[in-house]
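Per chain, numbering begins at 1; letters A, B, ... match sequence-line order.
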There are 4 protein chains.
Amino acid sequence: MTNAFTTSGLFGDLFQDPEIAAQFSAATFFKHALAFETAWTETLMALGAVKPKDGQAALEAMRQYVPDLLAIHASSNTDGLPVPGFVSQLRERLKDRPAKAVHTGATSQDVIDTAMVLTLMDVFAILETRLQRVIGALARLDAHAQGEMMGRTRMQAALPIPVSARIQSWASPLRDHLERLDGVRAHVGQVQLGGPVGVRDVPAGQGDAAASDLARRLGLRIGPVWHSNRTPIVEVGHWLTLVSGSLGKLGQDVALMAQQGVDDIKVAGGGGSSAMPHKDNPVLAETLVTLACFVGIQNGGLAQALVHEQERSGVAWALEWMLLPAMAEATGAALRHTEQLLERITRIGPEHVD
Amino acid sequence: MTNAFTTSGLFGDLFQDPEIAAQFSAATFFKHALAFETAWTETLMALGAVKPKDGQAALEAMRQYVPDLLAIHASSNTDGLPVPGFVSQLRERLKDRPAKAVHTGATSQDVIDTAMVLTLMDVFAILETRLQRVIGALARLDAHAQGEMMGRTRMQAALPIPVSARIQSWASPLRDHLERLDGVRAHVGQVQLGGPVGVRDVPAGQGDAAASDLARRLGLRIGPVWHSNRTPIVEVGHWLTLVSGSLGKLGQDVALMAQQGVDDIKVAGGGGSSAMPHKDNPVLAETLVTLACFVGIQNGGLAQALVHEQERSGVAWALEWMLLPAMAEATGAALRHTEQLLERITRIGPEHVD
Amino acid sequence: MTNAFTTSGLFGDLFQDPEIAAQFSAATFFKHALAFETAWTETLMALGAVKPKDGQAALEAMRQYVPDLLAIHASSNTDGLPVPGFVSQLRERLKDRPAKAVHTGATSQDVIDTAMVLTLMDVFAILETRLQRVIGALARLDAHAQGEMMGRTRMQAALPIPVSARIQSWASPLRDHLERLDGVRAHVGQVQLGGPVGVRDVPAGQGDAAASDLARRLGLRIGPVWHSNRTPIVEVGHWLTLVSGSLGKLGQDVALMAQQGVDDIKVAGGGGSSAMPHKDNPVLAETLVTLACFVGIQNGGLAQALVHEQERSGVAWALEWMLLPAMAEATGAALRHTEQLLERITRIGPEHVD
Amino acid sequence: MTNAFTTSGLFGDLFQDPEIAAQFSAATFFKHALAFETAWTETLMALGAVKPKDGQAALEAMRQYVPDLLAIHASSNTDGLPVPGFVSQLRERLKDRPAKAVHTGATSQDVIDTAMVLTLMDVFAILETRLQRVIGALARLDAHAQGEMMGRTRMQAALPIPVSARIQSWASPLRDHLERLDGVRAHVGQVQLGGPVGVRDVPAGQGDAAASDLARRLGLRIGPVWHSNRTPIVEVGHWLTLVSGSLGKLGQDVALMAQQGVDDIKVAGGGGSSAMPHKDNPVLAETLVTLACFVGIQNGGLAQALVHEQERSGVAWALEWMLLPAMAEATGAALRHTEQLLERITRIGPEHVD
């Protein structure tokens, strides 16, 4: 869904992340879809299923291909997805060469899933860098943290803790998530190649060899067809939920620390109020809590995509598209906000009254 | 979140609704925010809290106001919402007139909530028309329905039912939802006017008179301040959930009826497959199920916005913005798809073999 | 699910409500199922579909019926629901009278849905009384409230508000929910009678007359068959979500007010700590927030039950059974906790230092 | 919540799993809580913080301890959790020995989290065995699978696939989940020891040594304090979601295959109907879909528990207790149902007409 309310500038970049969003754009999709089709034509040539001349012509056509998005838009309204229109455009450009030099034996899901995987690889790179920066900022904050503050359990003053302990409670889960990213990345980083009903038998009898060759060309791993096994996608959602959830804890803590009467933190440049100019609202901290709740809720939806009936479910597959990109973008925004929030902390721990 | 993947044309208009989306755009927001501020200045004038000359100048400035969205974008990154920047732009245009002719006594939440209510009134008008059209299309389908089909319970053939009975099982809940819309509309259709901490005391001692006057000017009802009582908003989400859920049932039924071996329906112009041109996928029907699941999941998130702490919660309020517009848009798309799907039905009930 | 962890006494009655739970017990189900079958036999007699002698024998057998729960348990493992086993037990008791004096023309869903409606009527009565008591307690608290406290927006001190304003922000939505209960009750309070595939044609040609007669005997309303239209059930979930959500806001506020440094409330008899005997944890207040989150989440699940395919969906129907009773019980517990919490408030508003 | 409706025998064991439920019972909790306290007293003795005589007396008292559940029930109503009452009962039994021989330096969360971890280890053992049996049953089914059936994508007949391919689409994700269990188990299988505010400093200066010793005695790993880092718990939820989701796909497929007109499977002993004795409902298959939806929804709630404010959140922690045991039990039931369902398959693939 568009949600212009939160993304058309009214709320700045609080609820969006242009850099992550760009990874899910039509332009990026075509780049990755074209990478798939190009590599696949090369694979078909390597395995002798497409003649060199036909293959070269197809590769040349793909190099020059500029997507006609309006036509895709129209065909998707009927087909439910952009691949039939996209393949049709590619094949129109083959002139007198046979259509089978492009996409033969592959299916829409092979293209979309592989393109999504390539997208996720780029998304992970962005998120990883940000996560490292946040962890670095927390380490710097910790290095300067001094003294004690009141530890609070169940919203009540308990016993004093080192200020450093609070900061480490934010950093520790994030370091774990960073470590676990490699596993998530490896698991989802596999090519999709199954053909129309997922039996991976193109060229006939050489399906696994073809898939391996394709994976190598795309820099991805190879495993069994995962048309209806959506575990890798759902695990990406899980990881995003963990990251945004841990940032939500940090945000909630900062908002509580910033309360008058508690005063355990000072953050410069909070949000203004239209009615009370004296106020300094912990906007970024609050936004972290909102984003955590948002991502967590979507995670409960993404789980429903596991019930992916038969060889391919239009229902469950489309649900992934509606949920996962928004989860990634929200997590990206949360990381960005956290970095900014940490930079603005001018004091952590109680104010010293001399 | 932006989710360019589903909204940048790749999937046509399957997962978006431009007409509904436009209601949540920045342009529409400013239209409604300006309506609020204009009416409020008029109210302040009527109650003698703003001098006629100052008020007239303010009204004139507001008539000529063109929002500087880039500046709003920047200020929202700090303030967390567009109102401080918006009010500041309005006041800059007052020249030598006092700033208090605009927004005095109101707060950001008064503007945003009232603008959201005005938006929802327009959204309801669109959805109501579509819902009526869907109900009409179902009545026409029912009028031509003949004979019997196998009734199915728990996914198993049970006993024959009139084809008409299946159609009525789709129409009946939708008629209920249409009836109930008036109640939802009335409940949420109230002005928000509470001031900074919701005590509604501007002009001093005349708060209720001011709120009544303001409501009358905006064509809204008046009730107690609902800054932290988010029931009306959550009830909108409930209604959208009911509508999209009932359409999901229709979509699921159509997809099941369209199965080879069941063949209880024929829908023209289904979706193509990149690998199997003979296929005729029930794309619109499947999309209805996806949208129902999507809206239902968001509904579980919107409920979390009821825990709106103290006089105003940035966390819970922002959650509404992230969820409700997407729920409205998804429901709008579902209604549109349903109408189109019903139009394409060329046969309902089993094929007659003579 | 059983969740012995929260319900076997370890956590007292924090996460359960024995009175509400009893309404969903097997014993209560059989009472309501028997009420249905008794009334239905009477209806069949009244309409001449069952002979007086057969009917009287059936009624007598039903009066003496004691359910054999172990046998039901076993049959449900196969049938997926208790009605086939239950009807079979009833019919065994008819001796030489024909089996058709019992349940003829009805189906499992007629029994279970109607029994659920009867249960909900009783649940509403309990919740209504509690809600009235909570509203009364808030009115008494308000009557004694004096002075001002700091209003807080976005977790920051804003401007002083009357203490009474905070209390009214808790009471106002609850009064709304109380008012709206009648509509919810009326909507769901309808008999279910459709027969095997929902066409309501038993006795043949007299289905509507039979349904009206049955409804009258059970004190319920009559409307169209709602086998696959789950709106009334989902609306019950919505109402429970609103009530528990509004109580969650109250709980969150109390927990925040009870913080050292804020000190806007004093609640006697909070929770102890195993390690810090000096602590006085706002356990009931916290539990209200947990229960609100829990109910809200289930609400997102209940929405999925709207996609109730064909004439009867085992999947979607069973989902209602898993979610709605827990939502009702959690809301009941929340009302109980709120009443107790309000009784324990010994001060609201800041402490006066003389 | 109790949900007697689905767990008091009315629905057999469809929505419950007595073996898993027993792991979350009060009795099991006390067993694990006592294991914690016993090991902790031994640790305190080993580190010289408790005198041998006092420690031996405490160990002897714990060996003879029989929990007074009624007293715990009462104290939990105040304290919000059973540990203060439990520790108090233990200490009463120490007679003239000092109370500090028991629980010194530990806090409620240390006991409950560690007991939960010990419970989860047992739950994993049960689920692992069942998962292995399901995978075995699928392998046997696959070994006997012959011929082809129609592959279906987007609910439409696509191209024939080997029957074996469909079976492998069920087995493949389950094998992955089984492999991944070791990682989940290792991650959550760590002792909790932080003390009142999580700084792990008991005995003073020897906190880490104490935690290591305690972990060794309990057969758990040692890591940083995770009082407010709920990642390990949430990851358990993720894994349960994956398992139940994959079983939901299997169930959905079976229900679709069992449709008249499709007839790709024959399952013996399905569910009866009270009105249509000829029917053979795919009850177990449907239940798998319901359970998958249920667990997935709870997963969206469990994510909210990541926002665990300050040193310990009563709100977020209690949310785990409400959700995780039900998720485990539902997954256990799904595995049990799947095994039974697979055993009942008498034919997979189309019926041969000779």
Side-chain angles (χ1 to χ4, degrees), chain A residues 80 107 109 151-155 158-162 165-166 168-169 172-173 176-177 183 196-199 224 226-231 234-235 238 241-242 244-246 248-249 251-253 256 289 292-293 295-314, chain D residues 80 107 109 151-155 158-162 165-166 168-169 172-173 176-177 183 196-199 224 226-231 234-235 238 241-242 244-246 248-249 251-253 256 289 292-293 295-314:
Chain A
T107 193
Q109 189 162 7
R152 289 171 195 264
T153 59
R154 306 197 79 141
M155 303 285 281
L159 295 170
I161 57 169
R166 179 65 70 83
Q168 285 171 29
S169 80
S172 170
D176 281 5
H177 306 333
V197 286
V199 295
W226 50 287
H227 279 183
S228 69
N229 174 6
R230 310 311 290 175
T231 306
V234 173
E235 284 191 326
H238 288 170
T241 299
L242 291 176
S244 57
S246 296
K249 183 252 188 297
Q252 180 74 301
D253 281 354
L256 287 167
V289 183
C293 182
V295 175
I297 289 293
Q298 312 305 315
N299 198 35
L302 195 61
Q304 311 300 323
L306 287 165
V307 181
H308 190 111
E309 87 273 350
Q310 299 170 333
E311 278 57 69
R312 182 178 318 132
S313 166
Chain D
T107 192
Q109 188 161 8
R152 289 170 196 265
T153 57
R154 305 196 79 139
M155 304 286 280
L159 295 169
I161 57 169
R166 180 66 70 84
Q168 285 171 28
S169 81
S172 170
D176 281 4
H177 305 333
V197 287
V199 295
W226 49 286
H227 279 182
S228 70
N229 174 6
R230 310 312 290 175
T231 306
V234 174
E235 283 192 327
H238 287 170
T241 299
L242 291 175
S244 57
S246 296
K249 184 252 187 299
Q252 180 74 303
D253 280 355
L256 288 166
V289 184
C293 182
V295 176
I297 289 294
Q298 312 306 314
N299 198 34
L302 195 61
Q304 310 302 323
L306 287 164
V307 181
H308 190 111
E309 88 273 349
Q310 299 169 333
E311 276 59 68
R312 181 178 318 132
S313 166

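A donor-acceptor pair under 3.5 Å links the side-chain atoms of D/E311 to the main chain of A/R152, judged by distance alone. In terms of modelled atom types and a separation under 3.5 Å, the side chain of D/D253 and the main chain of A/E309 share no donor-acceptor contact. A donor-acceptor contact shorter than 3.5 Å links the side chain of D/K249 to the backbone of A/H308.
Among A/G251, A/S169, A/C293, A/A158, the residue making the largest number of heavy-atom pairs under 4.5 Å with chain D is A/C293. In terms of heavy-atom pairs under 4.5 Å with chain A, the best-connected choice from D/S228, D/A165, D/A292 is D/S228. Listed options D/V234, D/L256, D/L306 were ranked by heavy-atom pairs under 4.5 angstrom with chain A; first place goes to D/L306. Contacts with chain A were tallied for D/E235, D/Q252, D/Q109; D/E235 has the most, counting heavy-atom pairs under 4.5 Å. Across D/G80, D/G198, D/G300, D/P224, the residue that shares the most heavy-atom pairs under 4.5 angstrom with chain A is D/G300.
Looking only at side-chain heavy atoms (C-beta outward), A/T153 and D/P196 stay at 4.5 Å or farther from each other. No side-chain heavy atom of D/T241 sits under 4.5 Å from any side-chain heavy atom of A/N299. Two residues are said to be in side-chain contact when any heavy atoms from C-beta on lie closer than 4.5 Å; A/P162 and D/V199 meet this criterion. Side-chain contact between A/R154 and D/Q310 is absent, with no heavy atoms from C-beta onward closer than 4.5 Å.
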Run the side-chain contact (heavy atoms from CB on, under 4.5 Å) test on A/H238 and D/L242 for me, step by step, so that the C-alpha distance in whole Å, both residues' side-chain angles and the decisive distance to 0.1 Å come before the verdict.
CA-CA 10 Å; A/H238 288 170; D/L242 291 175; 4.1 Å; yes
Might you work through the side-chain contact (heavy atoms from CB on, under 4.5 Å) test for D/N229 and A/D176, ending with a clear yes or no?
CA-CA 10 Å; D/N229 174 6; A/D176 281 5; 3.9 Å; yes
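Scanning all heavy atoms of the two residues, the minimum distance from A/T231 to D/S246 falls at OG1-OG, 4.4 Å. The minimum heavy-atom distance linking A/G245 with D/V307 is given by the pair O-CG2, 4.0 Å.
For D/I297, the parts sitting under 4.5 Å from any heavy atom of chain A are the backbone and the side chain alike. Proximity to chain D involves both the backbone and the side chain of A/L159, based on heavy atoms less than 4.5 angstrom apart. Looking at A/H227, there are no atoms closer than 4.5 Å to chain D (heavy atoms on both sides), in backbone or side chain.
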